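What follows is a single structure, written as structure tokens, with notes after it.
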Amino acid sequence: MQKSEPKEAAQISNHAFSLMVEQAKSGDNEALLKVLEEMEPEINNLVSFLKLSKEEGIQEITMQFIEKLRG
């Protein structure tokens with residue numbers, strides 16, 4: 001049976017992610033890459049809802065995500 005993370009550790013993780021997002025919004029490209037890396041599983045899940053090839057879907061979702069983040 002897999003142990004779940006303590007609630008406090010999850011909050012720290014969420015806080016760290018929030019900081020990365022803020023840094024990415026401010027133009028930090030390294031932070032943007034880390035955010036996209038963290039979002040990869042969700043992006044891969046969402047791509048199945050698009051009527052595009054997997055590669056095109058990933059590219060489209062990623063592009064839209066970056067535009068919203070930096071826009």
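Only this structure's heavy atoms are used, side chains among them; waters, hydrogens and symmetry mates stay out. All of these numbers come straight from a predicted model, not from anything done at the bench.
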Starting at CG of Leu32, measure out to CG of Leu69 and round the result to the nearest 0.5 Å.
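That separation rounds to 6.0 Å.
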Side-chain heavy atoms under 4.5 angstrom apart, residues restricted to Ile, Leu, Val, Met, Phe, Trp, Tyr: same cluster for Ile61 and Ile66?
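Both belong to a single hydrophobic cluster.
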Side chain to side chain donor-acceptor pair (under 3.5 Å): which pairs involve residues 62-71, sequence neighbours left out?
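Passing the test, one end in residues 62-71: Asn29-Arg70, Glu60-Gln64.
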Partners passing side chain to side chain donor-acceptor pair (under 3.5 Å) against Gln23 (at least two apart in sequence or in another chain):
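Result, side chain to side chain donor-acceptor pair (under 3.5 Å) vs Gln23: none returned.
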Residues forming a side chain to side chain donor-acceptor pair (under 3.5 Å) with Glu56, sequence neighbours excluded:
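Ser53.
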Side chains of residues 36-52: which donor-acceptor partners sit under 3.5 Å, not counting sequence neighbours?
residue : atom : partner : partner atom : Å
Asn44   : ND2  : Glu40   : O            : 3.3
Ser48   : OG   : Asn45   : O            : 2.8

Residue pairs passing the salt bridge (Lys or Arg N to Asp or Glu O under 4.0 Å) test where at least one lies in residues 21-32, sequence neighbours excluded:
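Residue pairs with at least one partner in residues 21-32: Glu22-Lys25, Glu30-Lys34.
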For Leu19, which residues count as a side chain to side chain contact (heavy atoms under 4.5 Å, CB included) partner, sequence neighbours excluded?
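Side chain to side chain contact (heavy atoms under 4.5 Å, CB included) check on Leu19 returns His15.
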What is the minimum heavy-atom distance between Ala24 and Ala31, and which atoms define it?
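In terms of heavy atoms, the two residues are closest at N-CB, 3.8 Å.
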